[in-house]
Amino acid sequence: MNTTENYYPVQGSQSKNIGIILFHAYTGTPNDVNLLARKLNRNGYDVLCPVFQGHGTNDIFDILNAPISSWQEDAKQALAFMVDKAYDSIMVFGLSLGGIIATWLLSQDQGQLKAGGMFNSPILPDSLVDLQTPFLAYARALYMSNNRLEQFVNDKKQIIDQHNQQMQALNDFRQAMGPNLAKINVPFFVAQSGQDELVDSRPEADFLTFINPNYLDYHFYPDNSHVITVNRNRQAFEQDLFEFLEQANQ
C-alpha cells in the first residue's frame, strides 16, 4: 500500500497536530471520502486515505482475489504510518467496508487511537448483507469501460462464485469481531442513513447491545443514502462529525 499518495498534511501553523485515517468502501477508492478529507484538511486535520488491496484497478478479480487479511494489513500499515508522524492524537473512520475495518482496528487498539467510528457499515454480527446485484453491476460497468462485455458474459459465473465466497468470509470476519466490539474504549461515532440502498440501517439500541454506551455516539440521517460522505444532504453529518472530533480531543 502506498500510504503517501493519499496523505494530506496541513501546511503551516493551522495544523491541529491531529491525524485522521479514512477508509473507503468495498469496490471503492479514496474518492469515496476525498470530499470529507479535504474539508477536514481545511480545518486543520492531517488526513490519510489508504487504498485497500485489489481496489482502484480495471480488473474485477483484483478485488475478488484480495483476502480480508490484506485489508487488515493495509489498516495496520496506515496506523503505523500515522503513529510515526507523532501526532497528539490519531482517529480512524470508514465508509461501509472501510467502517468494518476501522471498527476492527479500534477493537484491537493498544492505546494508539483517540477515537473513531463508521459510516453505514454493517459491523453488527447479525447484520444482513447482500451485495451481489450491485457488485455485478459494478463488474459489468468495469468490463464495458474496457470494451470487454463479451468477456464479462464468460466470466460472470466465476465472478458470482468468488464474490459469494468473499462475502461469506466477510460475514465470518464480522461474526468473529462481534464479541470484541465491547473492547472499544474510546469515543465511537456511528452514522446511519435512512435511505441506504445497500445496507439496512440499525437503531441505536442494536448498537448498545454490543458497544459500551459510555463511548457510543449514534446519529441517524433519514434523508441520506449509502455513500453519505458525498451525498448532497451531507451537511448535518459533517457538522456532527466535526463536533465529535472536537469533543474527543478536549
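Fair warning: this is a prediction, and the values are worked out from it, not measured in the lab.
Taking a 6.0 Å sphere around CD of Gln14, one finds it holds 12 or fewer heavy atoms contributed by other residues, nucleotides or ligands.
Note that CG of Leu136 is 5.5 Å distant from CD of Gln132, once rounded to the nearest 0.5 Å. Taken to the nearest 0.5 Å, the CD1 atom of Ile100 stands 9.0 Å off from the CH2 atom of Trp71.
A donor-acceptor distance shorter than 3.5 angstrom exists from the side chain of Thr229 to the backbone of Asp32, with no hydrogens or angles considered. With hydrogens and angles disregarded, no donor-acceptor distance shorter than 3.5 Å links the side chain of Ser193 to the backbone of Gln195. A side-chain donor-acceptor contact under 3.5 Å links Gln166 to the backbone of Ala66. Under a 3.5 Å cut-off, the side chain of Asn43 and the backbone N or O of Lys39 do form a donor-acceptor pair. Proximity of a side-chain donor or acceptor of His163 to a complementary backbone N or O of Asp161 within less than 3.5 Å is not detected.
Of all heavy-atom pairs spanning Tyr221 and Ala236, the tightest one is CE2-C, 3.9 Å.
For the ring-ring contact (aromatic ring centres under 6.0 Å, His included) with Phe244, the qualifying choice from Phe189, Tyr218, Phe188, Phe119 is Phe189, the only one to do so.
Looking at Ser127 and Val199, their side chains never come closer than 4.5 Å, going by heavy atoms from C-beta outward. Residues Ile101 and Phe52 have side chains in contact (heavy-atom distance under 4.5 Å, counting atoms from C-beta outward).
For Asp126 and Arg202, the salt-bridge test passes: some basic side-chain N is under 4.0 Å from an acidic carboxylate O.
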Between Ser96 and Asn120, does a side-chain contact (heavy atoms from CB on, under 4.5 Å) hold up when you go through it step by step?
CA-CA 5 Å; Ser96 199; Asn120 294 326; 5.7 Å; no
